Amino acid sequence: MASDLKPPAPARRFRLPLHIHISTLFFLLVLIAGGSIAWVSYVRSAEMLERAAGDLLIRISRQTVAEIESLMQPVNASVRLLALQPVARATTLANRRSGLPAFREALRAAESVSAYYIGYGDGDFFMLLRLLSDADRRQLAAPPGAAYVIQSIAGGEGHFIFLDEGLAELRDDPRPDYPGSYDPRRRSWYVQALGSAEPIQTAPYLFASTRKPGVTVARLADTGRAVVGADIRLATLDETLRRQRITPGSQLVLFDDDLRVVAYTEPDWLAAAINGTETERPKVTSLSGGALAALVQRVPRAEGGDDLPLTAFSAGGRDWHGAVARLPVRGGRPLYLGVAIPDEEFLTDARAIRDRSIIATLLVIFLALPFTYLAARLVSRPIRELADETAAIRRFDFSSPVATRSVVREVDDLATDLAAMKRAVRRFLDIASVMAEESDFDRLLPRLVDETVGVVGARAGVLYLARDDSEVLDPAALRDASGTSLALELAPPGADMAGLVSAGERSGVGDLNAGQGARRHCAPLFGALEASHMAYLAVPLLDRKHARLGLLVLWFDEAPAADLVHFVEALSGSAAVSVETRALIRAQKQLFEAFIQLLAGAIDAKSPYTGGHCARVPELTKMLAQAACDATHGPFRDFSLGAEDWEAVHVAAWLHDCGKVTTPEYIVDKATKLETIHDRIHEIRLRFELLKRDAEIACWQAIAGGADRATEEARRVAMWATLDEEFAFVASCNVGSEEMAPARIERLQQIAARRWLRTLDDRLGVSPEERRRMGPGPALPVAEPLIADKPEHRFARGAEDVIPADNPWGFRLKVPELLYNRGELLNLSISRGTLTEEDRFKINEHIVQTIRMLAELPFPRHLKAVPEIAGGHHEKMDGTGYPRGLTRGQMSPVARMMAIADIFEALTAIDRPYKTGKKLSEAVAIMARMRDEGHIDPDIFALFLRAGVYRDYAERFMQRAYVDEVDVEKVL
C-alpha cells in the first residue's frame, strides 16, 4: 500500500537515439535535391500545358456544337411524326393508348427526352413519361417494376397509369383533382405552338410532371386542334458540358447574346434560379463563384478558328485561365461557350511531376512507418486492454478473468497484479451478497420444532398457532426426533387451548392416560406409539402483550424434569418472538394483498370496458415467468425466481395500472370523438334541427308574402334534405371508424361554416371557471358557426400537470400545451380513432401516475423492484416507448415479460369500446411485427410461443370463438 501512495518519478528530459538523428539528416538532404529537380520540371511542363489547352478548347467547341445539333434533330423529327399520328385526333383514353408504341419508340430514340405528350383543344391531355430513376418512382409513388407512366385527362377524368417496360399496365391511380390543377391550353408550349407552323422551343422552366428543369419542343398537329410536345431535360446539355471538363474544377457555360445561361456544368443551377426570386434563366454574371462573370467581362469573344489562346485573369481570390468562343449553331440564335480553368488544376500535371519527384525522394523514408506503427501497437494494445479491465472493475463487471500479456515486463507485471485484485474484489462481493440474504420465515417453524426437539431430547413435537384472536389452535409444524416431517392430519385440528393448558400463561405437564381432554387432543398424534405412559409438555407462546399466539407441545417417554420445563419455557420466548414476527408479516402481507386486489378491482370496475384487465395481466405475467424458470436451455436456462422475487412479480403485476385511478373514465371509454361526460353530437343535432325549423319558417313566411307555394315548398324540402345529409356526414365523422382524409376534413369545415342564430346568453348557468374561459360574450342575438372550436373548449394545463425535463423519475414525454381540447371541429377532424392528442396523453399518463404513486410507497427491500417492473410495461426494446424511453438493456426480464403480457391481453380482450378482440393467430402475428420493429423482447416472445403460454392463457381466459391455430415455427 505504501508503494501505491508513492509520488510519481519526475519526467525525464526529452532525448532521441542516434539512429533517429541520422534518419532525419538523410530525409532533409534527399528532400532538397528532389525539390530542385521538381521545380525545373514544373516550369517546363506549365508552358506545354498552356499551348495544349488552347487546342483542346477548339475541340470542345466543335464537339459541343455537334452534340447540341444531334440532341435537337431527333426530337424535332419525333414531334413532327407524332403530330401526324392518329393519337393526335383521338378523343378517348382507350384510343389514345393505342399510340403508346409510337410514343415509346420516340422516347427510346432520344435519351434526352423525358416525356412526349399531346394537349387537346378541349383541355384533354395525354402524356407518356419515362421513369428514369428510383427517385422519379418515389416521387410519383410508382409500383415496383414501373418503367413508364401515363398522365391522362380525358372527359374530365384524371388518371396516372403505371406501365412496365413492355407497356403492360401495373396500376391505375384515379386522380380526380388532376383536371382541375392542370390545363394544357394554358401552358407556354401550347400557346407558342398555336402561333407557329414550325416546331417551337420554349425557354427553360420546371416541368409540371417531374419538377425537373428543361425545355419543351412543341408543334401544332395537322388537325389544328392539338399540340404535340417533348420535354428535353437541360441536365442532358449540362452533362454534355461536364463531359468536356478539362479539369475537375473547370467551369463551362453555354449562353446566348443576352448573356442568359443555356447550360452550366454546376448541378441544380436552373432549379435554384427558378425556385428563387428570378423568373427567367439567370445571366452568366449572376452565377456563383464569380469566375465566369469575370471571364465574359474581361475576355473578348473569339469568332472561332484554329487559334483560341487562353487568357489569364483573377476572380474570387483565385487565378484562372479562360477563353470565350462563338459556336455556329444552325437554325437558332448564336451561342457562346465560356471555359474557366483554375490555375491550381490547370497546372496539375506540372505540379504532379514536381510532387512525384518529391514523393519518390520520401518513399524510402516513409516505408519505415508501417513497422513503427506495428511496434507501437504491440506495446499499446496491452495497455488499452488493461484500461478496459480497469473500467470493468469500476462497473463491477467480473464476468471474465484478466488474460492480458505483454512483451514489456512492466506491463505484464501490471496485468498479473490487476488479475489478482479483480479476483479478490469479486470474492469480497460474493461474500457480502451471501451475508445480505434474508432468512425464510416459512422455514422458521419446522426448524424451530427441530431445534427444540433435538435440544430437549423429546420424541416428537408439534407447533400450534392460534386462529386469529380465538382460542382455537391449528397445527403448523409436526416433526419427530429424527427431523422427519409428519402429516399434519395426525395433529388434531381445531384444538381447544384450554383443554391442554388451563392457565394461559403457564406450562402444562401430563400423561396421555390421564385426562380425557389431553387424550382427546393428543392421542391422534401418535397412533403408532400408544404407549400407556407417554407424557407431554405443552408450552404456551405469548406475544409482547401476553396474548396467546400458539402452543408448543412436546412428547416424552416420561415426564420431563422441572429444570427441563424451565429451559423449554425460556426457548418458547424466542419462539414466540419469531412466531409473532411471522404472524405480523403474514397479516401485513394479507392486508397488502387485499388492498392491491381491492385497488385493481376498483380500476376494473371504474370502466365497463377494462373489467378484468388488472386481474388477467398478473396471471399471464406469472405464467410467462414460470415458463422462464422452467426453461432448461436457451436464453432463460439460468433464469430463476426465489420466493421474494415471486412476491415482487405478483405485487407489480397487480399494481401495474394503479395510476388509472387518476384517468377520467370518459376518456378511457371515449367511444366517439365528441364524447365527454355525454356525447355532444346531440348538441350539434339540435342545431341542425334549428336550421331545419328556420327553413320551414322561412318557407311559410315567403308563402304568406305572396311567393309561389310549390316553389317555396320545393326549396324547403331541398334544404331539409341537404341538412339531413350533412348531419349524417357529421355523425359518421363522430363515430371514428373511417379515416378522416383531407377531402372529408374539408367538407366538414364547409358544413361547420353554416350559421345558426343564438338569442340566449350561453354564459348563464355555467361555472365560474367555464365563464372565465369563455371571456366576454358578444351582443345578442348572434349568428354562430354550426360547429366550432371555442375558447371554453380549451382547458389550460396547470403547473402541477407539467412534467419538467429534469423530473426525478426520468420521464421523457412530449407534454401537450393544453390539458384538454374539446373543440368540436378539432375533435371531429381526428384522423384516426376518437382521441385527441390531449386525450392520448391523458391515457398514457396513467403509467406516469403509476410510477409516481409506487415510488412514494415505502416498499421493503425485496419489493423495491415493484415500481420498475410495474412501470415498464409501456417501454419498447429500442428505446421509443414511454414514459422513460428505456431500452432492452435498461429493463429487467420480468418488466419485459409484463410488457408482453399487457400487450397480449389488450389485443385479445373483447371488452374495449374502440375495437373488437383479435383472434389468437391475429394477436400473435401483430406481436411478431412488434418484435421485428424492436418493440418487444424477441427472446421472451419466443419463450411465450415455444412454452405454449399463449395457448394456456387462451384456454383459460379467451372465448372459444377467438381461439384458433398458430403456426409457431412460422412466426419464429
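Predicted model, so just to flag it, every value in this text is computed and none were measured.
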Close side-chain approach of I851 to R884, heavy-atom, < 4.5 Å
yes

Passes side chain to side chain contact (heavy atoms under 4.5 Å, CB included), Y820 versus T676? Steps please.
CA-CA 11 Å; Y820 302 109; T676 53; over 6 Å; no

Worked verdict on L854 versus F859 for side chain to side chain contact (heavy atoms under 4.5 Å, CB included):
CA-CA 9 Å; L854 295 180; F859 284 110; 4.1 Å; yes

Straight-line distance of K814 NZ to N844 CG, nearest 0.5 Å:
13.5 Å

Find the distance between OG1 (T880) and NE2 (H935) and round it off to the nearest 0.5 Å.
4.5 Å

Using side-chain heavy atoms (C-beta onward) and a distance below 4.5 Å, is L819 in contact with E838?
no

Check whether D645 reaches the backbone of G642 with its side chain - one donor and one acceptor, N or O, closer than 3.5 Å.
yes

Could you check whether any side-chain N or O of E922 sits under 3.5 Å from a backbone N or O of K919, counting only pairs where one atom can act as donor and the other as acceptor?
yes

If you take all heavy atoms of R637 and G634, which pair is closest and at what distance?
NH1-O, 2.7 Å

Indicate every side-chain donor-acceptor pair of residues 885-898 with a distance under 3.5 Å to a residue at least two apart or in another chain.
unit_1, atom_1, unit_2, atom_2, d
T887, OG1, Q890, OE1, 3.2
R888, NE, D937, OD2, 2.7
R888, NH2, D937, OD2, 3.2
R888, NH2, D939, OD2, 3.0
Q890, OE1, T887, N, 2.8
S892, OG, E868, OE1, 2.9
S892, OG, E868, OE2, 3.3
S892, OG, A895, N, 3.2
R896, NE, M891, O, 3.3
R896, NH1, D937, OD2, 2.5
R896, NH2, M891, O, 3.2

Looking at K622, I'd like to know if its NZ atom is crowded, meaning that more than 12 non-hydrogen atoms belonging to other residues, nucleotides or ligands lie closer than 6.0 Å.
yes

For the residue pair T850 and H656, establish whether any side-chain heavy-atom pair is separated by less than 4.5 Å.
no

Can you list the steps and then say if V971 with M927 is a side chain to side chain contact (heavy atoms under 4.5 Å, CB included)?
CA-CA 10 Å; V971 173; M927 295 183 70; over 6 Å; no

Quick check: does any side chain N or O of K670 sit under 3.5 Å from a backbone N or O of L835, one acting as donor and the other as acceptor?
no

Between the side chains of D134 and R137, is the shortest nitrogen-to-carboxylate-oxygen separation below 4.0 Å, so that they form an ion pair?
yes

Any chance you could lay out the salt bridge (charged side-chain N to carboxylate O under 4.0 Å, His left out) test for D839 and K842, step after step, and finish with the verdict?
CA-CA 5 Å; D839 295 337; K842 177 58 69 173; over 6 Å; no

Just by modelled atom types, is the N734 backbone N or O under 3.5 Å from a matching donor or acceptor in the T672 side chain?
no

Do the side chains of M740 and C733 get nearer than 4.5 Å, heavy atoms only?
yes

Partner of F904 under ring-ring contact (aromatic ring centres under 6.0 Å, His included), chosen from Y953, F941, Y950
Y953

Plane angle bin for Y882 and H874 - parallel if under 30°, tilted between 30 and 60°, otherwise perpendicular:
parallel

Separation between CE of M853 and NE2 of H846, rounded to the nearest 0.5 Å:
11.5 Å

Nearest-0.5 Å distance that lies between atom CG in L863 and atom CZ in R861:
12.0 Å

Looking at residues at least two apart in the chain, or sitting in another chain, which of them share a ring-ring contact (aromatic ring centres under 6.0 Å, His included) with F841?
none

Measure across S921 and D964 and return the closest heavy-atom pair with its distance rounded to 0.1 Å.
OG-OD2, 2.5 Å

Looking at P804, is its backbone amide N or carbonyl O close enough to the side chain of N807 to form a donor-acceptor pair, meaning the two atoms are under 3.5 Å apart?
yes

CA sep, side-chain torsions, deciding dist, call: L972, R931, side chain to side chain contact (heavy atoms under 4.5 Å, CB included)
CA-CA 10 Å; L972 293 177; R931 170 203 61 192; 4.1 Å; yes

Could you tell me if the side chain of M930 sits less than 4.5 Å from the side chain of I926, heavy atoms only?
yes

What verdict does the salt bridge (charged side-chain N to carboxylate O under 4.0 Å, His left out) test give for R946 and E969, after you've listed the backbone C-alpha separation in whole Å, the side-chain angles of each residue and the deciding distance to 0.1 Å?
CA-CA 9 Å; R946 293 192 188 280; E969 295 304 322; 3.0 Å; yes

How close do G872 and A899 get, heavy atom to heavy atom, and via which atoms?
O-CB, 4.3 Å

So which heavy atom on F811 is nearest to which on V848, and how close?
CE1-CG1, 3.3 Å

Straight-line distance of E619 CD to H650 NE2, nearest 0.5 Å:
9.0 Å

Picking from V968, L945, D967, what satisfies side chain to side chain contact (heavy atoms under 4.5 Å, CB included) with V924?
L945

Is the backbone N or O of L818 less than 3.5 Å from a side-chain atom of R797, with the two atoms forming a donor-acceptor pair by type?
yes

Taking all heavy atoms of F795 and all of H793, pick out the closest pair and write down the distance.
CD1-O, 3.5 Å

Side-chain contact test, heavy atoms from C-beta onward, threshold under 4.5 Å: evaluate it for P883 versus E875 and give yes or no.
yes

Hey, could you give me the SG/CG distance between C629 and L624, rounded to the nearest 0.5 Å?
10.0 Å

Between the side chain of K673 and the main-chain N/O of L828, is any donor-acceptor distance below 3.5 Å?
yes

Within the side chain of R744, is there an N or O that forms a donor-acceptor pair under 3.5 Å with the backbone of A741?
no

Side chain R794, main chain N821, donor-acceptor under 3.5 Å:
no

Is the side chain of E675 donor-acceptor paired with the backbone N or O of A671 at a distance under 3.5 Å, no angle test?
yes

Can you see which heavy atom on L907 is nearest to which on A923, and at what distance?
CD1-O, 3.7 Å

Are any non-hydrogen side-chain atoms of D136 and S133 less than 4.5 angstrom apart?
yes

With sequence neighbours left out, write down each residue that passes salt bridge (Lys or Arg N to Asp or Glu O under 4.0 Å) with E837, or none if nothing qualifies.
none

